[in-house]
Structures are given as structure tokens and as C-alpha cells.
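First the structure, in the form of C-alpha cells, and then the observations on it.
Nothing here was measured: the structure is a model prediction, and the numbers come from that model. FYI, the numbering just counts along the sequence from 1.
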Amino acid sequence: MKKIGVIGCGTRINSLLKYMEWDPGQLRIDAVCDLDRTRAEALAAKLPGAVRIHADADALLRDPALDWVMVMTPNATHAGLVIRAFEAGKHVFSEKPMAVSFAECLAIWEAWKKSGRQYLIGFTLRYSPHYRKIREVVASGLIGTPVSFEFNENVLPEHGGHICCCWRRNRATTGFHLLEKCCHDLDIANYILNSVPVRGASFGSLSVFRPENAGLMEKYRDADGTPVFCRWPTAKGRDPFRSDKDIVDHQVCILEYASGVSGTFHTNINCPINERRMYIAGTEGTLRADAISGVIEARTLDGRRHDFATGEKGSHAGGDRTLLKTLAAAVCCGMESEEAILSGVTSAVACFALDEAMRQGTVVDLRPWWEQLEKVKGKHGGCLPKCG
């Protein structure tokens, strides 16, 4: 039986529990730890069997009974924990993003190759039947060659309130908002287009969740008196408008891909109309999809409409269930990890470049990053997808 240790017992690991349809005779979560011991105890109580609670991450990593480690902690801690896990001889599943700097991404890559262990990253959209179907349709040539596209992640006010009341509100722990919340989306664009961006520009700011707008807390309340921004437990009793924060609450990005495709991405954390939408225009048709509603439709130049809806919908559109099945298969049977780590680096680089473009007010050339990555990856053969 394979045994897993969990570092970080917060919201994300708890949200995944309902998808852990694992055979307890094959694998189980055997140990947990968290800086807040009460959270570790609460998670352990939900899991089958006797679960050990370690005092800290180092104690868990020293546990010889564990085969795998799940790193479910704030972003700024990912690199250190993942590298130490490899050095301890553990296989690793890490929540996204991979790391908060390019140097950390490269350090993880080197540690992974040196360790010979498996590595998976929680890019749940990659495992979603919804997004896999979009990729299949685009690859089929139904809409011809992609020319331009739009995509977004616009989340509900309560989600925005949650972000502004938890660790995600500060760059010191999160990296920055685009990396934390939207690296999924940049990754899925790379995945569907089988390419990477080579130039990017971006604009954004903190415009809504500011002290001068705190009156919105009183103006928009539920029937029980709860402000709509505080519907999620994390924000209960807190004020997302007056919290200290240094992230943006909206951002618009412009991307040029090595394949010649141009795209725009929009994110906003105060949107009563919740969308995770994608619109791809090709030489022979267009495709429109939205994960929240589950719609996937294409229309070709002859006017014919094609419906490809998978029945999956929601923010992750069924990806969490498939992600956990993939993790189970990796734990029990082994799998090649290079696609996972490559997706982690390429999505992170896109986010790093767009954050730099926004802060500096410039168009950023991503090719120097890809060249550095090629040098690291070139030691082991292969190349990036259509990196130019």
C-alpha cells in the first residue's frame, strides 16, 4: 500500500476530499501537518483510519513510511517544500502555481531530475473533460487554424471577498494575483494552442476593494444580513475593503504566441456574472465555450453549428475528480512527469512576464525566459511546444 503525507490542511485539500475515491488497500493519506494544529486535527478526523499528525513539515518529510507528499501550502512556500521533499526521496504532488519566481521554477526542475521521483502539479483545468474536449476540437481542424482568441476568469463578489481576506491578498505569500488565481487559465491556453506566448502587455489595478468603497458592504447584503462579499467562511466577520493588500482586483492581458496566434485575457474578482469563458476564432470557424455553464459550441464558415458540451460545468468543470484519479494512477502505477513540470514552468513564465509588463508599463519579450528554460531542459533532450 502506498502512503501519502499532506503538508497544509486548508481549504483546498478539504475541497478535494469528496473526490478521493481511492481503494484504501492501495493508497491512503497516512500523515498530515499544518502550522495550525487544529486544522491538521480536523483534516485527520475526516480521513479513514488512524492518521498521524506531525509537528511540522520537516518531521513529515522525515517519515520513512510515506511514499508521496502533497504540498498544499501558500505559494511562496512551494519551492522550498517541493525541493526538500525530493531530497527526502519522496514523490510530490504540489498545488499550483509551481513557484513564485523563475529561479525557483528552475531549481525545482533540477531537484526533480536529480531525484528521479515523480512530480504532479494541481492544474485541475488540464484534467477537465470540458477543456480536453476544447483541445480535441481545435486539434481536429474543425475551425481551421487558430488566429485569435479571448479568454477570461471573472469570479463572484464572495470569491473576491475571500481573496481579499486570506493569504492570497499579499504578494509576499501569493506571488501576485495573476499567478495565484489565473495560472490555470494561462496554462490551459498554452495547452489548447500547443504553443507559448512570446510577447505580452498588461494593465490592471486595485479599483474595487479599497477603503473608499467599503459602503458596498452595507449596501449589498443577503436576507440574513451577511454582506455578499462575505458569503464564504474565510471572510466572515472581516472587511475585504479595509484589509491590507497589495494585489490587483482586475487585470487585462494581451498575448502574442509563437504560433502566430494573438489573444486577450481578462480577470476581475467582483463579477455577479461568473464566467470562465473561451472564444477562439480560426480560419474556418469559431469556437465558444464557458466552463461555468458547460457550453462548448462551434460554428463553421458554412453556418453549421456543432455542440460539444461534455455535461461538466463549474469553475473547474469536472477537473478535480479526474485530477485525483490521475494522482491515484501515478501513486500506484507510476507515470512520466515531464509534461506536468513543463506546464508548471510555462504557465508561470507567462504570468511572470505579464506581471512585469503591468508593473513596468511595457511590452515584455518572453523569449529570453524560453531560452534559459531550453538550456535546462536541453540537458535531457526535447524542446518546448512551438516556442519559436
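Counting all heavy atoms, side chain and backbone alike, Asp246 lies closest to Arg171 at OD1-N, 2.7 Å. Contact between Val155 and Gly160 at its shortest, heavy atoms only, is CG2-N, 4.4 Å. In plain terms, the two heavy atoms of Leu323 and Ile121 that are nearest each other are CD1-O, 4.4 Å. Among all heavy-atom pairs drawn from Met358 and Val248, the shortest one is CE-CG1, 3.8 Å. For the pair Pro97 and Glu180, the tightest heavy-atom approach, listed with the atom from each and the gap, is CD-OE1, 4.3 Å. The two atoms that bring Ala258 and Ser195 nearest to each other are N-OG, 3.5 Å, heavy atoms only.
Linking Ile, Leu, Val, Met, Phe, Trp and Tyr residues whenever their side-chain heavy atoms come within less than 4.5 Å leaves Val147 and Ile192 in two separate clusters. Hydrophobic clustering (ILVMFWY, side-chain heavy atoms < 4.5 Å, transitive): Leu206 and Leu179 are in distinct clusters. Residues Ile29 and Tyr19 fall within the same hydrophobic cluster, defined by Ile, Leu, Val, Met, Phe, Trp and Tyr side chains chained together at heavy-atom separations under 4.5 Å. Val208 and Leu156 are assigned to two separate hydrophobic clusters, defined by single-linkage of ILVMFWY side chains at heavy-atom distances under 4.5 Å. A continuous path of ILVMFWY side-chain contacts below 4.5 Å connects Ile53 to Trp68, so both sit in one hydrophobic cluster.
Listed for the Glu95 side chain is no donor-acceptor partner under 3.5 Å among the backbone atoms of Arg12. Judged by distance alone, with hydrogens and angles left aside, the side-chain atoms of Asp187 form no donor-acceptor pair with the main-chain N or O of Gly344 at under 3.5 Å. The backbone N or O of Gly263 lies less than 3.5 Å from no partner atom in the side chain of Ser148, so there is not a single donor-acceptor pair. No side-chain donor-acceptor contact under 3.5 Å links His177 to the backbone of Ile247. The main-chain N or O of Thr226 is found under 3.5 Å from a side-chain atom of Asp224 such that the two form a donor-acceptor pair. Not one N or O on the side chain of Thr322 forms a donor-acceptor pair closer than 3.5 Å with the backbone of Gly319. In this structure, the side chain of Arg37 does not engage the main chain of Ala55 through any donor-acceptor pair within 3.5 Å. At least one donor-acceptor pair under 3.5 Å links the side chain of Trp370 to the backbone N or O of Pro197. In this structure a side-chain-to-backbone donor-acceptor pair under 3.5 Å is missing from Asp34 to Val6. Put simply, the side chain of Arg231 never gets that close to the backbone of Glu158: no donor and acceptor are under 3.5 Å apart.
Side-chain contact of Ser315 with Arg276: a donor-acceptor pair under 3.5 Å is present, judged by distance alone. Checking Ser128 against Glu312 by side-chain atom types alone, no donor-acceptor pair falls below 3.5 Å.
Residue-environment remark: CZ (Arg199) stays at or below the threshold of 12 foreign heavy atoms within 6.0 Å. Within a 6.0 Å sphere centred on CG of Leu35, heavy atoms belonging to other residues, nucleotides or ligands number 12 at most. Enclosure of atom NZ in Lys219 is not indicated, since only 12 or fewer non-hydrogen atoms of other residues, nucleotides or ligands lie within 6.0 angstrom. More than 12 heavy atoms of other residues, nucleotides or ligands shown are found within 6.0 angstrom of CZ on Arg305. The neighbour count for Tyr279 OH, taken as heavy atoms of other residues, nucleotides or ligands under 6.0 Å away, does not exceed 12.
Here Asp58 pairs with Arg84 in a salt bridge; the nearest charged N to carboxylate O distance falls below 4.0 Å. Using a 4.0 Å cut-off between a side-chain N of Lys or Arg and a carboxylate O of Asp or Glu, Glu150 and Arg277 qualify as a salt bridge. Between Arg52 and Asp63, at least one side-chain nitrogen of the basic residue sits less than 4.0 Å from a carboxylate oxygen of the acidic one, meeting the salt-bridge criterion. In this structure, Glu110 does not pair ionically with Lys114, as no charged nitrogen and carboxylate oxygen lie closer than 4.0 Å.
Ile188 is not listed as a side-chain neighbour of Ile134, based on a closest heavy-atom distance of 4.5 Å or more. Contact annotation: the side chain of Ile269 approaches that of Cys164 to within less than 4.5 Å [non-hydrogen atoms, C-beta and beyond]. Residues Cys332 and Leu27 are in side-chain contact: their nearest non-hydrogen atoms beyond the backbone lie under 4.5 Å apart. Looking only at side-chain heavy atoms (C-beta outward), Phe265 and Gln251 stay at 4.5 Å or farther from each other. Taking the side chain as every heavy atom from C-beta outward, Asn75 and Trp167 approach each other to under 4.5 Å. Side-chain contact between Trp369 and Val364 is present, with at least one heavy-atom pair separated by less than 4.5 Å. Tyr127 places none of its side-chain heavy atoms less than 4.5 Å from the side chain of Asp320. Side-chain contact between Thr286 and Ile143: absent, with no pair of heavy atoms (C-beta onward) separated by less than 4.5 Å.
Sequence neighbours left out, the pairs with a member in residues 213-256 that pass ring-ring contact (aromatic ring centres under 6.0 Å, His included) are His159-Trp232, His162-Trp232, Phe209-Phe229, Phe209-Phe241, Phe229-Phe241.
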Side chain to side chain contact (heavy atoms under 4.5 Å, CB included) assessment of Leu81 paired with Val92: CA-CA 10 Å; Leu81 290 170; Val92 179; over 6 Å; no
Ser347 vs Met98, side chain to side chain contact (heavy atoms under 4.5 Å, CB included): CA-CA, chis, key distance, verdict: CA-CA 9 Å; Ser347 66; Met98 184 175 177; over 6 Å; no
Check against side chain to side chain contact (heavy atoms under 4.5 Å, CB included), Leu66 and Asp30: CA-CA 7 Å; Leu66 300 177; Asp30 196 56; 3.9 Å; yes
Residue pair His78, Val100: steps toward the side chain to side chain contact (heavy atoms under 4.5 Å, CB included) verdict: CA-CA 8 Å; His78 287 184; Val100 298; over 6 Å; no
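The structure places CD of Gln372 at 11.5 Å from SG of Cys105, a figure rounded to the nearest 0.5 Å. Separation of atoms OH (Tyr119) and CD (Glu338) is listed at 13.5 Å; rounding is to 0.5 Å. From Ile163, atom CD1 reaches atom OG1 of Thr174 across 8.5 Å, with rounding to the nearest 0.5 Å. Note: Thr267 OG1 to Asn154 CG = 6.0 Å, rounded to the nearest 0.5 Å. Taken from CG in Leu120 to CD in Glu339, the straight-line distance is 10.0 Å, to the nearest 0.5 Å. Annotation: the span from Lys133 atom NZ to Thr310 atom OG1 amounts to 8.5 Å, rounded to 0.5 Å.
Taking the six-membered ring where the residue is Trp, Phe308 and His306 present parallel rings, their angle staying beneath 30° rather than reaching 60°.
Ring-centre distance between Tyr131 and Phe123: not below the 6.0 Å cut-off.
Applying the side chain to side chain donor-acceptor pair (under 3.5 Å) criterion to Asp67, with sequence neighbours excluded, gives no partner residue.
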